[in-house]
Amino acid sequence: MPRITLPDGSERRYEGSTTPAEVAADIGPGLAKSALGAIIDGTLSDLDTSIDADCALALVTAKTREGEPDANGLFLLRHSAAHVMAEAITNLFPGVQLVYGPPVEQGFYYDMAFPDGATISSEDFERIESEMKRIVKEDRPFTRYEMPAGPGLEKLREEGSKYKVDNAERAIEAGSTELSWYATGAPGTDWEDLCRGPHVPSTGRIGAFKVMNLASSYWHGDENSDRLTRVYGIAFADKKQLKRHLQLLEEAKKRDHRVLGKQLRLFHIDEQVGQGLVLWTPNGAVVRQQLQDFIGEELRKQGYDQVFTPHIGKLDLYRTSGHFPYYQESQYTPVIDRAQLHEFATEGCSCSDLANKMDEGEIDGYLLKPMNCPHHIRIYASEQRSYRDLPIRLAEFGTVYRWEQSGEIGGLTRVRGFTQDDAHLFCREDQIADEVRGCLSIVKLIFNTLGMTDYRVRVGTRDPDSSKYVGDPTNWDKAEEACRNAAQELGAPFSEEPGEAAFYGPKIDFVVKDVIGREWQLGTVQVDYNLPERFDLEYVGADNARHRPVMIHRAPFGSMERFVGVLIEHFAGAFPCWLAPEQVRVLPISDKSADYASEVLASLKTLGIRATVDDGSERIQAKVKVAADMKVPYLAVVGPRDAENREVSIRAFGVDRNLGSMDLDEFLRTVAAETETRGGTRLIDRFETTESSTAD
RNA sequence: GCCACCGUAGCUCAGUGGUAGAGCACACCCUUGGUAAGGGUGAGGUCACGGGUUCAAGUCCCGUCGGUGGCUCCA
């Protein structure tokens with residue numbers, strides 16, 4: 001006699017076994033109609049799962065009470081939609097082998113292997129969708145059936161589905177004694193798929209869906225294994241939600257830093273220069289420079305020393321650091337002495353001979369630096385260091401070059417040449433905790449100033465079962481503890497990921513999302529026991545003996561390229577006044593106010609404010625529109641009335657009206673103060689406004 | 001690197017094997033106006049590049065370069 005506890009605490013008793021569907025029907029016909037699945041003692045389950053014992057039960061519907069899509073409801077819908085899509089594709093493309101089709105954050109996908117010669121393209125999406133519509137319209141029930149592991153495997157082998165056999169074997173290895181299938185309709189006659197479930201009750205419950213795009217993937221994610229075709233789709237409970245989702249995607253496109261980068265002329269990537277090599281145009285250069293000034297100022301306050309180092313270094317340097325031998329495939333090919341190269345050529349040396357000689361150190365070329373640390377290390381090693389000198393903090397906006405795979409490059413977020421806000425701290429063991437904390441305090445300050453609160457922190461610690469790590473385990477424990485504590489103090493969501501430490505030390509990573517939901521690692525703080533060893537670094541201790549310092553690598557924003565890319569999307573291109581390429585645009589009403597306009601402009605420039613004047617012959621409406629398109633924070637409209645009173649009429653980006661006039665000197669002072677305080681005080685706060693963010 | 005799609009004016013994009021198009025931007029002229037585009041005229045093209053098929057290619061085929069989405073990778 002199961003006793004069922006509902007989320008509100010109420011209880012229901014049943015004679016013999018029951019199902020969530022029955023419970024839903026008992027609660028009300030509306031719920032019975034809208035229920036998609038159930039959570040039984042915390043496990044998401046089918047609506048017709050039989051309940052024989054006491055349990056806690058929550059029914060899952062497509063929407064929460066607030067009318068938002070329910071995460072579990074979406075999971076069920078999308079998982080089920082994946083089946084429907086797979087059936088549709090199987091019907092349309094005979095011979096397709098199914099691999100794996102889970103729901104994911106942005107919808108669902110199904111991996112499949114097409115028979116030799118067969119291909120699918122986005123032109124097929126419409127056909128697939130019509131076929132899916134047919135299946136949905138038939139409203140066939142998702143029917144689960146189970147078989148013991150042995151016969152189940154036998155069945156799959158007979159069907160010749162290599163990938164499904166593999167899936168089943170993995171499930172059995174993981175402890176399953178039974179395999180389950182879901183038929184869309186009647187087992188034996190209708191389409192079916194090996195699947196753990198759960199699913200919505202019937203295909204008709206999938207209210208709205210769309211096949212989104214195609215991609216390739218590898219079986220087991222292994223590039224040496226079979227290449228699979230992955231078809232992505234999205235599903236919602238109703239058409240309205242789907243429409244909203246597609247609209248949001250459109251909106252997101254407008255925030256895309258690649259789109260805004262062109263529109264606002266922030267940067268340019270040129271085919272003739274090279275893939276993944278960013279040209280910072282004047283507007284973007286302002287944003288970057290402002291950030292660098294900000295970061296640099298904070299670093300000086302925290303006792304960092306600025307250094308500059310060249311873009312290349314001897315190959316041997318990177319042999320010592322280990323970069324060249326271990327990460328060769330992600331570096332640009334070394335630059336080799338012309339005479340030496342010529343000599344080898346006349347000897348008839350082959351390319352592979354050359355590569356070998358390079359590996360073995362018989363050729364000493366130069367490498368475009370993949371990291372800044374070796375140069376900074378040589379600065380540390382250039383003088384005798386005492387324990388009293390530590391910590392030594394060497395900072396540089398250092399440009400590094402990495403040979404990223406061509407398919408991975410794009411926009412500002414993944415490039416081949418980038419400038420890190422890099423620094424290396426050389427310290428004593430007992431200073432690690434303080435130094436790590438110091439690194440994070442800069443991150444916190446800058447993220448707060450920019451209003452970037454939507455980031456998460458990963459703490460990578462070592463895998464206790466592995467022996468790949470260098471350094472003393474008790475020191476590791478201390479360093480990990482320092483990272484953990486510092487991350488916690490930061491106040492952002494953080495996760496500890498055992499096994500994610502580098503072999504040379506634990507690390508803290510900062511991760512943000514872009515407009516299309518992709519996560520990007522920005523900065524990192526890494527404790528390093530390895531490089532000081534490799535370079536035989538030392539300092540003289542209070543005991544007059546030589547000791548090994550510990551290094552901390554830290555680039556809290558990762559690279560200026562990626563960070564500015566993320567920042568463009570964060571602000572949707574509408575930078576706060578202190579960062580904006582153009583802070584103020586002066587708009588004369590007509591030629592009659594041209595003289596006053598140039599006077600205003602000159603005053604702004606004298607104060608170092610980035611300003612321009614729009615002295616075209618357009619009407620003021622057009623000038624306002626054009627300035628709004630460029631997302632200029634403040635517009636100073638000047639006409640005869642303003643000139644007479646030595647005032648300007650102010651308009652701010654995001655506020656769709658004239659804010660009124662202000663005394664010219666006061667305006668100048670206020671904008672200058674806003675710039676100086678990096679938004680600490682703002683001109684706009686002097687007006688009663690409700691800022692809208694949808695001004696474009 | 002792999003799979004799919006894409007590359008036409010400065011930008012955003014139409015274009016059915018048969019004369020290269022639009023809007024915006026740009027130049028010039030008219031308009032001198034008070035807060036999200038006044039009006040006119042004009043200039044602007046090796047249709048990414050290289051081959052091929054065809055009487056004829058922006059359009060079809062192959063290759064290269066570049067872009068987009070995903071996979072893999074990211075010290």
Side-chain angles (χ1 to χ4, degrees), chain A residues 104 106 109 111 114 119-125 212-232 253 256 258-259 262-263 265 269-276 318 321-331 370-371 373 400 402-411 413-416 502-505 507 509 516 518 520-521 524 526 528 530-531 553 558 562 587-594 616-629 635-642 649-653 655-661 695-696:
Chain A
V104 289
Q106 295 286 319
Y109 66 80
D111 276 347
F114 279 74
T119 53
I120 177 172
S121 86
S122 48
E123 282 168 19
D124 299 312
F125 289 178
M212 299 296 283
N213 47 28
L214 281 175
S216 87
S217 63
Y218 301 108
W219 193 25
H220 299 172
D222 173 4
E223 62 179 311
N224 298 315
S225 189
D226 297 9
R227 208 175 328 286
L228 306 171
T229 300
R230 178 171 295 183
V231 187
Y232 281 86
K253 249 188 187 163
D256 189 316
R258 291 162 300 191
V259 174
K262 206 170 260 178
Q263 191 190 327
R265 298 201 291 273
I269 296 169
D270 194 291
E271 238 183 271
Q272 296 193 31
V273 174
Q275 229 189 347
Y318 300 99
S321 71
H323 291 116
F324 183 69
Y326 298 133
Y327 303 109
Q328 231 184 99
E329 74 291 344
S330 52
Q331 291 161 6
M371 284 198 131
C373 28
V400 298
R402 299 182 190 178
W403 187 260
E404 303 287 353
Q405 293 191 84
S406 64
E408 193 50 62
I409 292 170
T413 39
R414 194 76 185 265
V415 293
R416 281 186 173 159
F503 73 90
Y504 51 76
K507 60 175 182 174
D509 293 332
I516 50 180
R518 291 183 296 203
W520 294 101
Q521 181 181 321
T524 176
Q526 306 187 347
D528 184 353
N530 177 49
L531 283 179
H553 307 248
R562 182 175 288 180
L587 308 182
I589 293 288
S590 76
D591 285 354
K592 287 174 189 156
S593 308
S617 65
E618 296 299 320
R619 293 178 12 183
I620 192 67
Q621 286 85 345
K623 293 183 183 180
V624 167
K625 159 82 165 88
V626 168
D629 282 348
L635 307 184
V637 177
V638 294
R641 291 206 296 272
D642 307 283
S649 300
I650 292 161
R651 186 161 174 143
F653 183 84
V655 185
D656 297 337
R657 61 185 170 81
N658 180 4
L659 291 175
S661 50
D696 55 340

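In what follows, chains are A, B, ... by sequence order, proteins preceding strands, each numbered from 1. The figures that follow rest on heavy atoms only: side chains count, while hydrogens, waters and symmetry mates do not.
- Of the P atoms belonging to B/U68 and B/G42, the separation is 38 Å, rounded to the nearest Å.
- Residue contacts for A/Asn658: at a heavy-atom cut-off of 4.0 Å it reaches a base atom on one of the strands shown.
- Using a 4.0 Å heavy-atom criterion, one finds that A/Gly411 contacts the sugar-phosphate atoms exclusively.
- Using a 4.0 Å heavy-atom cutoff across all strands shown, A/Gln526 reaches sugar-phosphate atoms only and no base atom.
- Across all strands, A/Tyr109 comes closer than 4.0 Å to no nucleic acid atom at all (heavy-atom distances).
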Which atom pairs link the protein and nucleotides 3-6 of chain B when you take only N or O atoms and keep those under 3.5 Å?
from	atom 1	to	atom 2	distance (Å)
B/C3	O2	A/Ser216	N	3.4

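- When the side-chain nitrogen and oxygen atoms of A/Gln521 are compared with OP1 and OP2 of B/C74, none of them lie within a distance under 4.0 Å.
- Residue A/Lys592 has a polar side-chain atom (N or O) positioned under 4.0 Å from OP1 or OP2 of B/G33.
- Backbone-only contact: A/Gly221 has heavy atoms under 4.0 Å from sugar-phosphate atoms and none from a base.
- Put simply, CG on A/Asp256 is 14 Å from P on B/G67, counting in whole angstrom units.
- At a threshold of 4.0 angstrom between heavy atoms, the contacts of A/Ile409 are confined to the sugar-phosphate backbone, with no base atom among them.
- Across all strands shown, A/Gln272 has no heavy atoms under 4.0 Å from either base or sugar-phosphate atoms.
- Heavy atoms of A/Gly322 sit nowhere under 4.0 angstrom from any nucleic acid atom.
- For A/Arg414 and B/C73, a side-chain-to-base donor-acceptor distance below 3.5 Å is present, hydrogens and geometry of angles not being considered.
- As judged by a 4.0 angstrom heavy-atom cut-off over every strand, A/Lys623 is placed among residues making no nucleic acid contact.
- Nucleotides B/A4 and B/U8 place their C1' atoms 22 Å apart, quoted to the nearest Å.
- Residue contacts shown for A/Gln405 include a base, since a base heavy atom lies under 4.0 Å away.
- Side-chain N/O atoms of A/Tyr218 and base N/O atoms of B/G70 include no donor-acceptor pair closer than 3.5 Å.
- The base of B/A36 has none of its N or O atoms less than 3.5 Å from a complementary donor or acceptor on the side chain of A/Arg619.
- An OP1 or OP2 oxygen of B/G10 is reached within less than 4.0 angstrom by no side-chain nitrogen or oxygen of A/Lys262.
- Evaluation of atom-type donor-acceptor distances gives a pair under 3.5 Å for the side chain of A/Asp642 against the base of B/G34.
- Across all their heavy atoms, A/Glu618 and A/Lys623 have their closest contact at O-CE, 3.4 Å.
- A/Tyr504 comes within contact range of the sugar-phosphate backbone alone, with a heavy-atom separation under 4.0 Å but no base atom that close.
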